[in-house]
Amino acid sequence: MNITRENIDELNAVVKVDIAKEDYAGKVDKILKDYRKNANIPGFRKGHVPMGMVKKQYGQAVLVDEVNKLLQDSLNKYLTEEKLDVLGNPLPKEQENFDWDRDNYSFEFELGLAPEFSVDLDLKDPVTKYNIVADDKMVNDQVENIQKQYGKLKTKDEVEEGDTVAGTFKNEEEGIENDTTIELTAIKGKRNLGKFVGAKVGDTLSLKTKNLFEDEHALVNHLNIDQEKAKDLDTEVKFTISEINERELADLDQELFDKLFGKDKVTSVTELKDKIKEDAAKQFEQQSDQQLMNDITEKLIENTNFELPKEFLQKWIQTVGEKPLTDEEAAEEYEKSEKGLRYQLIEGKVVNDNDLSVDFNDLKAFATQKIKEQMAQFGQMDPSEKELDDIAARILSNQDEVKRLSEQLMNEKLLKFYKENMKFDEKEVTYEEFVKAIYK
């Protein structure tokens, strides 16, 4: 067997594999002899079928199978030994009038080669790193939400702003009849709210469905209709009030603090607000980190220039789906996937150049930490080491879970590396400012 490579340019090559009869003949003969021993052909005793008949019936199928196996194995071995960084998979070149009756064969494969490039983390236009803080308004709103959640409902006769109103929506033509409870803070616009304020139990209000609620999805639940219908529904509905409740806020006392955080963990309103800020900071950090990673990714793609074997990749895309694609479809798919491919190459370069590998011990420790965090959410604060090891072993026996956790861990390692090796334009913002900045 002989394998040679011709480099067309820096991104494309053709590999030629020459296979001689001596490379496959022994294996083919052995398989055919085994077939002969076990063949059941009418008119012949088992093991006594003429070899000529066996070759005629099975010879070419065995030959093709063995040559293809040999071809695949030798090509993979060659790519590994030559340390060729290929994109996609080798594409066999079509050969006209190929003849399996010959003794020697030649096969050619097109290769798309990964480009050579460097990644510069010293960006002229630094990425913004958002440090999100909980402002006084957010903390006070959260305190009020806690008081509402743990407060008591007080039944009343007349609706006021901030009340909770139970009743039934009806519209016979649209087939709507649904009992529901509405927080008046969810009602959109002063005009709609004004129809509720001052109403009493037994009153029936006429309301327009369009722009009735602050959250457009609320219409689905309150009217018990599907999402598609809710999107375009613009009609009048009747709402008959059956109950009016005012929520009395819970007292900010030690009983409430203990219920929320455990015995004497929080002992004052000041400590409650500090705890809310601390918990918010953890949640904000996750969102800030995710946005930072997204922005770094975009910036590195924008600032790292290299060519790709575009024509080869489009040809390869045509072959990898469930059904072949046309040239136009493959070009469209390439345009969609090019950005992702570029970042895969950039990420791989950063990982390899800086030894950011994930080994089994790293993965086990990461999985164990995730397990502890999840158990803590359900009140299991001090699981035994054996319990953690058993759960981790079960998780890591699942290859899909291993892949998912490995990607998460590598993402964390990459973000840590970027934070340590890149300069950022740091900006302290409230959560509201953060949302406006990233969705501008």
Side-chain angles (χ1 to χ4, degrees), residues 72-73 76-77 79-89 114-121 127 129-132 278-301 304 320 337 339-422 424:
Q72 196 62 54
D73 290 344
N76 289 339
K77 184 180 178 183
L79 296 178
T80 301
E81 289 177 348
E82 293 293 310
K83 298 179 179 178
L84 290 178
D85 191 0
V86 299
L87 301 179
N89 294 315
E116 292 286 338
F117 63 93
S118 59
V119 180
D120 187 1
L121 300 180
V127 172
K129 182 178 182 294
Y130 295 99
N131 299 317
I132 311 170
E278 180 186 327
D279 291 344
K282 291 177 184 176
Q283 294 181 12
F284 292 157
E285 185 177 10
Q286 291 177 355
Q287 294 183 60
S288 175
D289 280 350
Q290 183 60 59
Q291 187 60 38
L292 180 62
M293 192 65 172
N294 291 345
D295 291 341
I296 290 171
T297 299
E298 292 289 336
K299 199 62 101 171
L300 289 179
I301 292 172
T304 309
V320 293
S337 60
K339 196 173 183 180
L341 174 58
R342 286 184 177 278
Y343 185 66
Q344 280 184 351
L345 291 170
I346 293 168
E347 182 183 283
K349 180 72 172 171
V350 173
V351 167
N352 292 331
D353 287 355
N354 299 281
D355 297 323
L356 301 178
S357 58
V358 171
D359 61 29
F360 181 77
N361 289 331
D362 289 338
L363 195 58
K364 183 181 177 184
F366 182 70
T368 301
Q369 182 58 38
K370 292 294 180 187
I371 295 164
K372 287 173 73 173
E373 290 172 4
Q374 193 162 10
M375 292 177 78
Q377 292 178 6
F378 294 94
Q380 294 175 267
M381 307 303 294
D382 192 24
S384 68
E385 189 172 330
K386 183 180 184 308
E387 189 176 8
L388 291 170
D389 284 345
D390 288 346
I391 297 172
R394 285 201 301 273
I395 290 172
L396 296 177
S397 67
N398 183 318
Q399 289 305 306
D400 289 337
E401 284 297 303
V402 168
K403 182 173 182 292
R404 183 179 66 83
L405 289 170
S406 297
E407 288 173 353
Q408 284 185 16
L409 179 53
M410 179 53 74
N411 204 54
E412 287 193 8
K413 287 195 171 195
L414 274 167
L415 183 59
K416 183 174 183 289
F417 174 79
Y418 290 144
K419 283 182 176 180
E420 292 171 350
N421 292 275
M422 295 180 73
F424 301 101

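The residues of the chain are indexed from 1 along the displayed sequence. Everything quoted here is computed from the prediction, not taken from an experiment. The analysis underlying the following values was restricted to heavy atoms, covering all of them including side chains, and did not include hydrogens, waters or symmetry mates.
- Dense packing is recorded around CG of D359, with more than 12 heavy atoms of other residues, nucleotides or ligands lying under 6.0 Å away.
- Counting heavy atoms from C-beta on, the side chains of I296 and L292 come closer than 4.5 Å.
- Under a 3.5 Å cut-off, the side chain of K413 and the backbone N or O of V358 do not form any donor-acceptor pair.
- Counting heavy atoms from C-beta on, the side chains of M422 and F417 never come closer than 4.5 Å.
- Here the straight-line distance linking atom CD1 of I395 with atom CZ of R404 works out to 8.0 Å at 0.5 Å rounding.
- By the 4.0 Å N-to-carboxylate-O rule, E298 lies close enough to K339 to be salt-bridged with it.
- In this structure, S288 contributes its side chain and F284 its backbone to no donor-acceptor pair below 3.5 Å.
- K299 has no carboxylate O lying under 4.0 Å from a charged side-chain N of D295, or vice versa, which leaves the two without a salt bridge.
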**Report entry** Evaluation steps, side-chain contact (heavy atoms from CB on, under 4.5 Å), between T304 and D120
**Finding:** CA-CA 7 Å; T304 309; D120 187 1; over 6 Å; no
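- A donor-acceptor contact shorter than 3.5 Å is absent between the side chain of N411 and the backbone of E407.
- The side chain to side chain contact (heavy atoms under 4.5 Å, CB included) test with F366 singles out one residue from Q369, K364, K370, and that residue is K370.
- Counting all heavy atoms, side chain and backbone alike, V402 lies closest to L396 at CG2-O, 3.3 Å.
- Side-chain contact check for L363 versus N361: every heavy-atom pair is 4.5 Å or farther apart.
- Side-chain contact of E412 with Q408: a donor-acceptor pair under 3.5 Å is absent, judged by distance alone.
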Requested in this report: Give the C-alpha distance, both sets of side-chain angles, the deciding distance and a yes or no for side-chain contact (heavy atoms from CB on, under 4.5 Å) between Q291 and K129.
Outcome: CA-CA 8 Å; Q291 187 60 38; K129 182 178 182 294; over 6 Å; no
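- Here the side chains of D353 and V119 are not in contact, with every heavy-atom distance at 4.5 Å or above.
- At most 12 non-hydrogen atoms from other residues, nucleotides or ligands lie less than 6.0 angstrom from CD of E116.
- Inter-residue side-chain proximity for E285 and N131 is flagged as unmet; no heavy-atom pair is nearer than 4.5 Å.
- A 4.5 Å side-chain heavy-atom check between L345 and F117 finds at least one atom pair inside the cut-off.
- Contact record, S357 with D362: O-OD2, 3.9 Å, taken as the closest heavy-atom pair.
- In this structure, I301 and I346 approach most closely via the heavy-atom pair CA-CD1, 3.9 Å.
- Rounding to the nearest 0.5 Å places CD1 of I391 at 9.5 Å from OG1 of T368.
- Atom-to-atom distance recorded for F424:CZ and Y130:OH is 13.0 Å, nearest 0.5 angstrom.
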Report task. Could you give me the CA-CA distance, side-chain angles and deciding distance for K77 and D73, then say whether salt bridge (Lys or Arg N to Asp or Glu O under 4.0 Å) is met? Result -> CA-CA 6 Å; K77 184 180 178 183; D73 290 344; over 6 Å; no
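- Atom CG of L405 sits about 13.0 Å away from atom CE of M410, to the nearest 0.5 Å.
- Residues M375 and L388 have side chains in contact (heavy-atom distance under 4.5 Å, counting atoms from C-beta outward).
- With no hydrogens or angles considered, a side-chain donor-acceptor pair links Q290 and N294 at under 3.5 Å.
- Note that the CD atom of Q380 and the CD atom of E387 stand 6.0 Å from one another [nearest 0.5 Å].
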Query raised in the report: Could you go step by step and tell me if Q283 and D279 meet the side-chain hydrogen bond (donor to acceptor under 3.5 Å, both in side chains) rule?
Result: CA-CA 7 Å; Q283 294 181 12; D279 291 344; over 6 Å; no
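- Residues K282 and Q286 fail the side-chain proximity criterion, which asks for heavy atoms closer than 4.5 Å.
- When the shell of 6.0 Å around CD of E82 is examined, it contains more than 12 heavy atoms from other residues, nucleotides or ligands.
- Between K349 and S118, the shortest heavy-atom contact is CE-CA, 4.3 Å.
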